[in-house]
Chemist: 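Supplied in structure tokens, the structure appears directly below.
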Amino acid sequence: MEIITFEEAYRIVLNSALNTGTETVSFIDSLNRVLAGDITSDMDIPPFNKATVDGFACRKANLELELEIIETIAAGMQPENAISEHQCSRIMTGAAVPKGADMVFMVEDSLILPSGKVKYAGSFTKGNISIQGEDIKNGDSVLKSGKLIRPQDIAVMASVGCISVIVSKMSRVAVISSGDELVEPSQKPGICQIRNTNAYQLMAQVQRAGAKGKYLGIARDDEEATYDIVKKAISECDLVLITGGVSMGDFDFVPSVLERAGVKILFSRVNIQPGKPTTFGVHPKALVFGLPGNPVSSFIQFELLVRPLIYKMMGYQWDPFTIHFPMKDSFSRKSIDRQAWIPVVITKEGFVSPVDYHGSAHISALALADGIIALPVGKKTIEKGEVVSVRQV
Ligand code: AMP
Ligand code: MG
């Protein structure tokens with residue numbers, strides 16, 4: 001199968017997205033979920049004119065006068081008296097401003113006189129009243145469908161009394177490792193063995209993307225064993241990630257096994273580094289990625305292709321967060337025929353610097369990195385001082 005550009009691969013993957021459907025959950029459990037309907041407010045916020053400081057509520061026009069204190073208004077209490085000329089009420093932060101008052105001066109700016117009256121003693125004051133409905137009006141749409149829910153969004157839900165929310169169902173993602181050389185992290189690898197890194201990295205990436213991972217174990221480099229585990233994954237999940245076994249080696253069974261399991265392979269080579277053997281196919285029940293075995297490759301391909309797919313399946317249009325900083329030194333690469341992604345750090349001085357990186361097996365380099373930067377096809381050198389876009393990982 002021919003090698004395709006990253007842009008083409010991205011287009012194919014996103015166009016294959018299935019829809020996960022929706023469900024209703026408590027707002028408490030909605031963190032990292034994608035909202036599947038607008039949320040509107042059932043009231044004005046603030047619901048009343050509210051003091052934003054502890055102080056004295058009075059008329060602006062009376063600010064220079066000695067004022068009689070007629071009441072003390074605590075938060076949560078309804079004021080009993082309206083403010084007239086020469087009057088004020090002592091008021092607490094968050095309390096309702098009494099009728100007749102149009103400002104609150106701070107307790108720090110006040111002077112209590114021997115007469116028991118109070119006088120403004122500051123030199124500058126704001127109004128210190130937040131007006132009913134100034135943040136949110138009754139009926140306003142406060143959160144829009146398609147939003148990835150963060151803690152501050154949950155605060156908005158709480159404030160408008162939205163205790164159950166419609167969200168997209170979590171995409172169910174099967175994770176499979178493949179390779180006879182792999183042992184699980186709890187084991188000490190024997191001669192010529194290594195620990196299974198990818199499954200745990202991918203499970204964490206899946207979790208970070210707000211989906212539900214299901215780890216199905218290590219498939220041995222054996223066609224039947226791989227077939228069985230792939231079949232199980234396809235029947236149980238919407239998306240299947242299998243790492244390793246997609247290169248050109250004698251024991252790289254994954255593409256043939258996928259086809260036998262009824263997966264239509266849409267691409268199996270992408271013009272990108274690391275991650276060229278990334279394979280993608282569709283089955284009526286699930287979408288399937290064969291990701292390269294090396295952990296940096298599988299990590300980066302997840303970020304570039306799988307994460308946007310998961311989000312799209314859950315109705316979230318993701319725009320990866322990037323920051324722009326100049327290169328600390330120039331950086332060159334040997335071959336320019338592929339789009340390359342390089343792990344970098346951002347220095348305290350605000351420069352971008354590639355980490356010491358020995359290639360796509362070098363997972364500890366990725367752990368040191370703050371982000372990754374891309375070199376497009378044809379670009380050999382990034383000059384010192386050139387501003388690059390760093391994608392946070
Ligand atoms: P493969 O794609 O199976 O040819 O594997 C490419 C490289 O990635 C080999 O060096 C494998 O040992 C390594 N590799 C494959 N799967 C894993 C895994 N789950 N964790 C860590 N390394 C792996
Ligand atoms: Mg292998």
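Just follow the structure's listing: the first ligand is 1, and inside any ligand the first atom is 1.
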Chemist: Which atoms from ligand 1 have a heavy atom of Ser177 less than 4.0 Å away?
Modeler: 19 (N)
Chemist: Does Asn271 reach the main-chain N or O of Ile4 with its side chain, forming a donor-acceptor pair under 3.5 Å?
Modeler: no
Chemist: Among all the protein's non-hydrogen atoms, which is closest to atom 22 (N) of ligand 1, and how far away is it?
Modeler: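 Going atom by atom, the protein heavy atom closest to atom 22 (N) of ligand 1 ends up being Ile194 CD1, 3.4 Å.
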Chemist: How is the hydrophobic cluster of Phe27 composed, in terms of its other members, when Ile, Leu, Val, Met, Phe, Trp and Tyr link through side-chain heavy atoms under 4.5 Å apart, directly or indirectly?
Modeler: Val25, Ile28, Leu31, Leu35, Ile39, Met43, Ile45, Ile136, Val142, Leu143, Ile149, Ile154, Val156, Met157, Val160, Ile163, Val165, Val167
Chemist: Take atom NZ of Lys147 as the centre, draw a 6.0 Å sphere, and report whether it contains more than 12 heavy atoms from other residues, nucleotides or ligands.
Modeler: yes
Chemist: Could you tell me whether the side chains of Glu85 and Asn62 share a donor-acceptor contact shorter than 3.5 Å?
Modeler: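 On atom types as modelled, these side chains qualify, holding a pair under 3.5 Å.
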Chemist: Tell me: protein heavy atom nearest atom 5 (O) of ligand 1, and distance?
Modeler: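 Ranking protein heavy atoms by distance from atom 5 (O) of ligand 1, first comes Gly293 CA, 3.7 Å.
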Chemist: With heavy atoms only and a cut-off of under 4.0 Å, state how Ile218 meets ligand 1: side chain, backbone, both or neither.
Modeler: neither
Chemist: Please list the nearest protein heavy atom to atom 3 (O) of ligand 1 with its residue and the distance rounded to 0.1 Å.
Modeler: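 Ranked first by proximity to atom 3 (O) of ligand 1 is Gly245 N, 2.8 Å.
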Chemist: Which residue owns the protein heavy atom closest to atom 18 (C) of ligand 1, what's the atom, and how far is it?
Modeler: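 The closest heavy atom on the protein side is Asn198 ND2, 3.2 Å.
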Chemist: Could you go through the salt bridge (Lys or Arg N to Asp or Glu O under 4.0 Å) check for Arg208 and Glu303 one step at a time?
Modeler: CA-CA 11 Å; Arg208 181 163 71 175; Glu303 291 299 310; 3.2 Å; yes
Chemist: Write out the residue and atom name of the closest protein heavy atom to atom 20 (N) of ligand 1, then the distance separating them to 0.1 Å.
Modeler: Thr197 N, 3.0 Å
Chemist: In the protein, what heavy atom is nearest to atom 4 (O) of ligand 1, and what distance, to one decimal place, separates them?
Modeler: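 Answer for atom 4 (O) of ligand 1: Ser247 OG, 3.5 Å.
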Chemist: I'd like to check which ligand 1 atoms, numbered from 1 as shown, lie under 4.0 Å from a non-hydrogen atom of Arg195.
Modeler: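 Once the distances to Arg195 are compared, the set is 20 (N), 21 (C).
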Chemist: Hey, are Glu224 and Arg260 close enough for a salt bridge, meaning a charged N less than 4.0 Å from a carboxylate O?
Modeler: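 Answer for the salt bridge query: yes.
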Chemist: What are the atoms of ligand 1, with element, lying closer than 4.0 Å to any heavy atom of Ser178?
Modeler: 16 (N)
Chemist: For Glu236, does the CD atom sit with more than 12 other heavy atoms under 6.0 Å from it, leaving out its own atoms?
Modeler: yes
Chemist: For atom 7 (C) of ligand 1, what's the nearest protein heavy atom and its distance?
Modeler: Asn294 OD1, 3.5 Å
Chemist: Between Gln132 and Asn49, do the side chains contain a donor N or O and an acceptor N or O under 3.5 Å apart?
Modeler: no
Chemist: Give me the residue, atom name and distance of the protein heavy atom closest to atom 12 (O) of ligand 1.
Modeler: Glu181 OE2, 2.5 Å
